[in-house]
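The structure under discussion appears below in the form of structure tokens.
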Amino acid sequence: VPGHDSRLGQVINNLLDNARSFSPPGGRVRIAARPLEDGVEVTVEDEGPGIRADQFERIFERFYTDRPDGESFGQNSGLGLSITKQIVEAHRGRIVASNRTRAVKEAGAAPLVLGARFVVRLPKA
């Protein structure tokens, strides 16, 4: 992947810091990378409360934070994900936020949110 190594490192650090911030004590943060035919994909997942469905794009806005009332996690400035998206896009890549979920057996029940997932795709040279 062509790019500025310290800026791409900042992307990973920002995603890991965000995931650690929103994970409960003892929660896991997972990072994985895999080659794609046209680049590389990096995934960072946490075991936090996830992202509200109407906020998947908004979380990348400067200074935006979404912390449940009374919770002590997620104590960041609201700049990390905005900066991360700017760096990824400057490298001709894409970042997507989603939730990790598990289906619930009750008919019509919403899936259980297991945490957040951020996927970064960067093109190869």
Side-chain angles (χ1 to χ4, degrees):
V1 173
H4 195 278
D5 58 345
S6 66
R7 293 291 176 242
L8 292 173
Q10 185 177 4
V11 166
I12 301 303
N13 285 334
N14 286 354
L15 291 174
L16 290 174
D17 285 346
N18 188 70
R20 279 194 305 262
S21 174
F22 280 93
S23 288
R28 288 185 166 171
V29 172
R30 293 174 216 51
I31 184 169
R34 68 184 183 113
L36 302 173
E37 188 173 310
D38 59 348
V40 67
E41 179 179 270
V42 177
T43 303
V44 176
E45 299 177 332
D46 66 43
E47 294 181 345
I51 305 163
R52 288 187 298 146
D54 61 337
Q55 302 300 306
F56 288 122
E57 286 301 318
R58 188 147 188 246
I59 61 171
F60 294 108
E61 293 176 9
R62 289 176 58 111
F63 303 113
Y64 176 79
T65 60
D66 187 17
R67 299 178 183 111
D69 292 336
E71 295 294 340
S72 62
F73 53 76
Q75 301 300 323
N76 292 329
S77 67
L79 286 172
L81 292 177
S82 175
I83 292 167
T84 296
K85 184 174 182 176
Q86 289 175 6
I87 294 170
V88 168
E89 289 178 348
H91 285 82
R92 297 180 303 120
R94 185 167 180 241
I95 184 168
V96 176
S98 63
N99 284 325
R100 299 174 40 248
T101 61
R102 180 175 61 218
V104 177
K105 293 182 182 183
E106 297 174 24
L112 177 66
V113 174
L114 304 174
R117 172 183 295 127
F118 290 86
V119 178
V120 174
R121 289 189 176 181
L122 296 167
K124 67 180 174 182

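Every side chain to side chain contact (heavy atoms under 4.5 Å, CB included) that Ile12 has, sequence neighbours left out, goes to Leu16, Ile31, Val42. Looking at residues two or more places apart in sequence or on another chain, you find a side chain to side chain donor-acceptor pair (under 3.5 Å) between Arg58 and Glu61.
Looking only at distances, no side-chain donor or acceptor of Lys124 sits under 3.5 Å from a matching main-chain atom of Pro2. Formation of a donor-acceptor pair under 3.5 Å by the Arg100 side chain with backbone atoms of Asp46 is found in this model. Asp38 contributes no side-chain N or O that, together with a main-chain N or O of Pro123, makes up a donor-acceptor pair within less than 3.5 Å. At least one donor-acceptor pair under 3.5 Å links the side chain of His91 to the backbone N or O of His4. No donor-acceptor pair closer than 3.5 Å links the side chain of Ser21 to the backbone N or O of Asp17.
Between Phe118 and Ile59 the shortest side-chain heavy-atom distance falls below 4.5 Å. No side-chain heavy atom of Thr84 sits less than 4.5 Å from a side-chain heavy atom of Asn18. Using a 4.5 Å heavy-atom threshold, the side chains of Leu81 and Asn14 count as separate. Leu36 has its side chain within reach of Arg34: a pair of non-hydrogen atoms, C-beta onward, lies under 4.5 Å apart. At least one side-chain heavy atom of Gln10 sits under 4.5 Å from a side-chain heavy atom of Ile87.
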Inset, instruction - With side-chain contact (heavy atoms from CB on, under 4.5 Å) as the test, would you mind laying out the steps for Thr43 and Glu45 before giving the verdict? - result: CA-CA 7 Å; Thr43 303; Glu45 299 177 332; 3.9 Å; yes
Inset, instruction - May I have the step-by-step check of side-chain contact (heavy atoms from CB on, under 4.5 Å) for Ile95 and Leu15, ending in yes or no? - result: CA-CA 11 Å; Ile95 184 168; Leu15 291 174; 4.0 Å; yes
Legend entry - Candidate pair Glu41 and Val119, rule side-chain contact (heavy atoms from CB on, under 4.5 Å), full reasoning: CA-CA 7 Å; Glu41 179 179 270; Val119 178; 3.5 Å; yes
Inset, instruction - Take Val44 and Val29 through the test side-chain contact (heavy atoms from CB on, under 4.5 Å) and record every step on the way to the result. - result: CA-CA 7 Å; Val44 176; Val29 172; 4.3 Å; yes
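A distance of 13.0 Å separates CZ of Phe60 from CD1 of Ile83, quoted to the nearest 0.5 Å.
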Tabulate below the donor-acceptor pairs under 3.5 Å that side-chain atoms of residues 101-109 make, not counting sequence neighbours, or state none.
none

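Both Leu8 and Leu79 belong to a single network of hydrophobic side chains, linked directly or stepwise wherever heavy atoms of I, L, V, M, F, W or Y lie under 4.5 Å apart.
The environment of CZ in Arg94 is sparse: at most 12 heavy-atom neighbours from other residues, nucleotides or ligands sit within 6.0 Å. More than 12 heavy atoms of other residues, nucleotides or ligands sit less than 6.0 Å from atom CZ of Arg30.
Ion pairing between a basic and an acidic side chain is recognised when a charged N comes within 4.0 Å of a carboxylate O; Arg28 and Glu47 show no such pairing. Using a 4.0 Å cut-off between charged nitrogen and carboxylate oxygen, Glu57 and Lys85 count as a salt-bridge pair.
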